[in-house]
Number of protein chains: 2
Amino acid sequence: MSRPPTTQEFVLDELRKAIVSRRLSPRQPIRQDAIAHQLGVSRVPLREALKTLEAEGQVVYEPHRGYSVAELSLSDLLEVYRLRDLLESEAATVAARKFTDTDLARVLDAQRDVESAADGSDLVGMITANRRFHFALLEPAGMPRLLRIVRTLWDATDAYRAVYYNSDVNRARVRDEHERIVQAAKQRDAEALTTLLDTHRRHAVDALRATLDADGSPG
Amino acid sequence: MSRPPTTQEFVLDELRKAIVSRRLSPRQPIRQDAIAHQLGVSRVPLREALKTLEAEGQVVYEPHRGYSVAELSLSDLLEVYRLRDLLESEAATVAARKFTDTDLARVLDAQRDVESAADGSDLVGMITANRRFHFALLEPAGMPRLLRIVRTLWDATDAYRAVYYNSDVNRARVRDEHERIVQAAKQRDAEALTTLLDTHRRHAVDALRATLDADGSPG
DNA sequence: CATGACGAATTTGGATCCAATATACAGTTG
DNA sequence: CAACTGTATATTGGATCCAAATTCGTCATG
């Protein structure tokens, strides 16, 4: 008994995809009329969707001058990962003490998808399965506000994930590290789990940092 | 060269005040037509302001059913303070290494306002000065995303601050603890600073928890 | 040639109107 | 009398229209 999405939900989804796929590139002004026309809607639901993205930091807004896609500088990237370290460590620690068999089943299920996506070089599948895997590990903590914040932190760097997963070695490493994380989760070993996740994130941020440098985008 | 506020900025401000002052109480549905009329505006800017509050967690939204003021349960309160512990500790530690004389001057200035507000039993003055004091300590960290998150965490419990500062003993304790915090900041003693701030927050959350219990609001 | 003033065109902000959905209520039926 | 159905009402969602602000091009001026 689901509900058909409202227009603003549809628009929000489309905007996210456009930002992640770089069809809307950083610093680019968002012309409301053009985008609304393109999506076949009026500006009203578009603007409500933009307000949501503004609050998440995905776009920046200046009254009377409009919205533009937010740019992620190097210091922004490092801050995002520092915040993820702080918040995800907490969530993982709390969650590890509470894992039920159902929780673990969800983690394993996501990891199976990660594996097949890694094998099949399926970028989009990799991104979504990886996200499912990590949030399956964090959700049992029962900290909805924390989770919500962490989600926006993930969104902020989503545009870079496709690049990251485009590499065979990166996909293989993720798959491998996830295996060890699964073992720690199974044993409810909070300390090992947080350590492994910390390392996992450090690998990601190092790779992203290299990407950002290669882009030559100044920060 | 300031700018006159847009209608949605005005509305956002009014809504915040209404929520903090409990003129809009938790779980109460927000009738857009009524509020828009009350403020002498149309529903459009009101809805954009509500989208911002939704993203901050101040109101909850259900499509086709509307917005209502978010309720803060006991577990929500504890989560907010746990998140503040994690994030403000980080910010304070980073900031302590960077304090300039200008930064410290801002802290001292805020503390002077706290003192006069505490002496004069000025509740609103106490709330604003206290907030200035704490953010003056955190802003030098140069972590804009963290600061933004912390601001929303403060907003979430703003409704309870007036109650807290209504007590002579609470105001005196805040004033006193601030003095010691100022000393640690002057000496750039990051460890002492974070310890003192931790204790400071624990006192606040204990008092708030008592208030919540007294309210008898189940959570 | 740089600079500033002016005006047209573009773009955003907000109000009003209509459509879609949910809620409340009356009446009906088992 | 409980449960259900249909209908009226209230409320939200979205489209269109107009006002306000900004941007951009033009031209005058030093």
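Each chain gets a letter, A, B and so on, in the order the sequences are listed, and its residues count up from 1. The structure presented is a predicted model; accordingly, all values stated were derived computationally and were not measured.
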Send over the distance from L39(B) CG to dG14(C) P, rounded to a whole Å.
13 Å
Starting from C1' on dG13(D), measure out to CD on E62(B) and report it in whole angstrom.
15 Å
Heavy atoms only, 4.0 Å cut-off, all strands: where does P63(B) land among base, sugar-phosphate and nothing?
sugar-phosphate
Would you mind classifying the nucleic acid contact of E48(B) as base, sugar-phosphate or nothing, using non-hydrogen atoms under 4.0 angstrom?
nothing
When you check the phosphate oxygens OP1 and OP2 of dG14(D), does a side-chain N or O of T7(A) lie under 4.0 Å from one of them?
yes
Assess the side chains of D119(A) and S116(A): does a donor N or O sit below 3.5 Å from an acceptor N or O?
no
Tell me which of P4(B) and T6(A) sits closer to the 5' end of DNA chain D, going by the nucleotide each one is nearest to.
T6(A)
SB check D33(A) R43(A) (cutoff 4.0 Å)
no
Closest to side chain of H64(B), choosing from dG14(D), dT21(C), dT12(C):
dT21(C)
If you assign Q32(B) and V44(A) each to the DNA chain D nucleotide with the nearest heavy atom, which residue ends up on the more 5' nucleotide?
Q32(B)
How many Å lie between CD on Q8(B) and P on dT12(C), as a whole number?
13 Å
What's I30(B) touching, base or sugar-phosphate or nothing? Going by heavy atoms closer than 4.0 Å.
sugar-phosphate
Between dA15(C) atom C1' and D33(B) atom CG, what is the distance in whole Å?
12 Å
If I take atom CZ in residue R31(B) and atom P in nucleotide dT9(D), what distance separates them, rounded to the nearest angstrom?
18 Å
Ignoring hydrogens and angles, are the base of dG14(C) and the side chain of R47(B) linked by a donor-acceptor pair under 3.5 Å?
no
Could you walk me through whether K51(A) and R47(A) pass side-chain contact (heavy atoms from CB on, under 4.5 Å), step by step?
CA-CA 6 Å; K51(A) 267 277 166 281; R47(A) 283 173 53 183; over 6 Å; no
note: H37(A), atom NE2; dT11(C), atom P; distance rounded to Å ~ 13 Å
Per S42(B) side chain, nearest of listed nucleotides dT16(C), dG14(D), dA21(D)
dT16(C)
Taking N and O atoms by type only, does the side chain of R65(B) place a donor or acceptor under 3.5 Å from a partner on the base of dG13(D)?
no
Roughly, in whole Å, what's the span from CZ in R43(B) to C1' in dC17(D)?
17 Å
Using only heavy-atom distances, determine whether the side chains of H203(A) and N170(A) contain a donor-acceptor pair under 3.5 Å.
no
Is the positively charged end of R22(A) above the ring of Y160(A), judged by distance under 6.0 angstrom from the centroid and angle within 45° of the axis?
yes
How would you label the contact of Y61(A) with the nucleic acid (heavy atoms, under 4.0 Å): base, sugar-phosphate, or nothing?
sugar-phosphate
Rounded distance in Å - CZ (F10(B)) to P (dG13(C))
18 Å
